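Notes for the one structure printed next.
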Amino acid sequence: ETGVTQSPTHLIKTRGQQVTLRCSSQSGHNTVSWYQQALGQGPQFIFQYYREEENGRGNFPPRFSGLQFPNYSSELNVNALELDDSALYLCASSLAQGQGSYEQYFGPGTRLTVT
Amino acid sequence: AQSVTQLGSHVSVSEGALVLLRCNYSSSVPPYLFWYVQYPNQGLQLLLKYTSAATLVKGINGFEAEFKKSETSFHLTKPSAHMSDAAEYFCAVRVRNGQNFVFGPGTRLSVLP
C-alpha cells in the first residue's frame, strides 16, 4: 500500500510569485485535504477535494486554489505569495464520508519559504 | 464552530514516568476525535481515534485515550514514557457529517533521561 507523497520537499519563493505543490493520495483514497501549518502551530484547513471538485474550504483567500485529477492526486496553487504564506503545507488523503473510515492520512509536507 | 484546546504547550516527563497530554473540544454533539504525533520535519502520524464505539481507545506505541462526554475531553496517556516519544502531539476533531479536521495548537513532549 502506497502512502501519501508530496513534492517538492522544500521550496523557496519570492513575495509576489506563484507556487504549485503536488500530492499523491494513498492507494484507494478518493478525497484529498490540504492544510497549512505555520511554525509552532497546529494545521489549519485550507480546502478539500472529492470527485475533482472542492468539497469544503477553510478561512483562506481565493489566491489559494486547488485541483484534483481523475487519479485522485491533487495540486495546491498559491498566487501572489506573501511572507505569511511561509509554512509547512500538508496533504491528507481519506475516504469520502459514509465510506466507512473517519481518519485522514498525512504526507510528509512541503516546506515553503517566502522571502 | 468547532475548537480544540490543548492545555500545556510543552510537557516534560522523565523516562519511565506517566505521560498525560490534555485535550478538550467544543461541540454540541460528540464528534470524531483523533490524536496525531509529529516528529521533527515530518508529517502527522495517526496515534488513535474515537468514533463512538468504546470510550477507552488504545493506539499505537502504548498510547491510549479516554473519551469523556461530560467533560468534553479526550486526554492522551501512556503509562511509561520512552525517549522515542519526544515529539509534538496534536488533538483533532472531525464534525460528524463534516469534511475537515480542526486541530489543537499542539503539545510538545520532552522526555528526560
Side-chain angles (χ1 to χ4, degrees), chain A residues 3-7 9-10 21 23-26 29-51 53-60 66 68 87-111, chain B residues 1-10 21-25 27 29-54 57 59-60 65 67 74 87-108:
Chain A
V4 179
T5 60
Q6 293 185 243
S7 62
T9 305
H10 295 89
L21 310 182
C23 170
S24 292
S25 61
Q26 182 166 308
H29 285 178
N30 53 21
T31 301
V32 174
S33 302
W34 286 92
Y35 293 83
Q36 180 194 68
Q37 185 180 18
L39 200 61
Q41 297 183 26
Q44 300 291 316
F45 175 68
I46 303 174
F47 45 57
Q48 183 183 86
Y49 276 82
Y50 172 62
R51 289 186 173 178
E53 292 191 359
E54 190 176 288
N55 187 39
R57 188 178 185 93
N59 189 26
F60 280 81
Q68 186 182 32
L88 181 68
Y89 288 85
L90 295 165
C91 169
S93 75
S94 59
L95 292 173
Q97 276 186 71
Q99 292 184 352
S101 180
Y102 308 94
E103 63 267 30
Q104 295 185 340
Y105 293 88
F106 285 80
T110 293
R111 173 73 63 188
Chain B
Q2 298 288 314
S3 69
V4 178
T5 56
Q6 293 183 239
L7 185 63
S9 60
H10 185 204
L21 304 182
R22 300 178 187 275
C23 172
N24 289 87
Y25 66 91
S27 175
V29 295
Y32 302 126
L33 294 159
F34 306 82
W35 275 99
Y36 283 85
V37 61
Q38 186 176 36
Y39 297 98
N41 300 313
Q42 295 187 26
L44 278 69
Q45 180 183 7
L46 180 67
L47 275 178
L48 48 79
K49 63 183 179 183
Y50 167 75
T51 58
S52 79
V57 180
I60 62 171
F67 170 68
F74 190 56
E88 190 88 19
Y89 291 80
F90 294 95
C91 181
V93 59
R94 176 180 173 180
V95 179
R96 291 169 189 267
N97 300 319
Q99 297 92 359
N100 63 293
F101 282 34
V102 174
F103 284 85
T107 297
R108 182 162 61 92

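These numbers were taken from a predicted model, which means no experiment stands behind them.
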*With sequence neighbours excluded, what pairs up with Tyr89(A) under the side chain to side chain donor-acceptor pair (under 3.5 Å) test?*
Gln36(A)

_Contact winner vs chain B - Pro43(A), Pro108(A), Gly40(A), heavy-atom pairs under 4.5 Å_ = Pro43(A)

*Are Gln104(A) and Tyr35(A) close enough that a side-chain donor and a side-chain acceptor fall under 3.5 Å?*
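Looking only at side-chain atoms, Tyr35(A) and Gln104(A) do form a donor-acceptor pair, the distance falling under 3.5 Å.
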
*asked:* Is it the case that the side chains of Glu103(A) and Tyr105(A) hold a donor-acceptor pair, with the cut-off being a distance below 3.5 Å and no angle test?
replied: yes

*Hey, is the main chain of Phe74(B) close enough, under 3.5 Å, to the side chain of Trp35(B) for a donor-acceptor pair?*
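Yes, Trp35(B) side chain to Phe74(B) backbone: donor-acceptor pair under 3.5 Å.
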
*Name all residues meeting the salt bridge (Lys or Arg N to Asp or Glu O under 4.0 Å) criterion together with Arg57(A); count only those two or more places apart in sequence or in a different chain, and write none if there are none.*
Glu54(A)

Using heavy-atom distances under 4.5 Å, tell me whether [X] contacts chain A through its side chain, its backbone, both, or neither.
X        : value
Glu88(B) : neither
Leu44(B) : both
Phe90(B) : side chain

*asked:* Report which part of Gln37(A) has an atom under 4.5 Å of a heavy atom belonging to chain B: side chain, backbone, both, or neither.
replied: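 For Gln37(A), the side chain is the part near chain B, not the backbone.
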
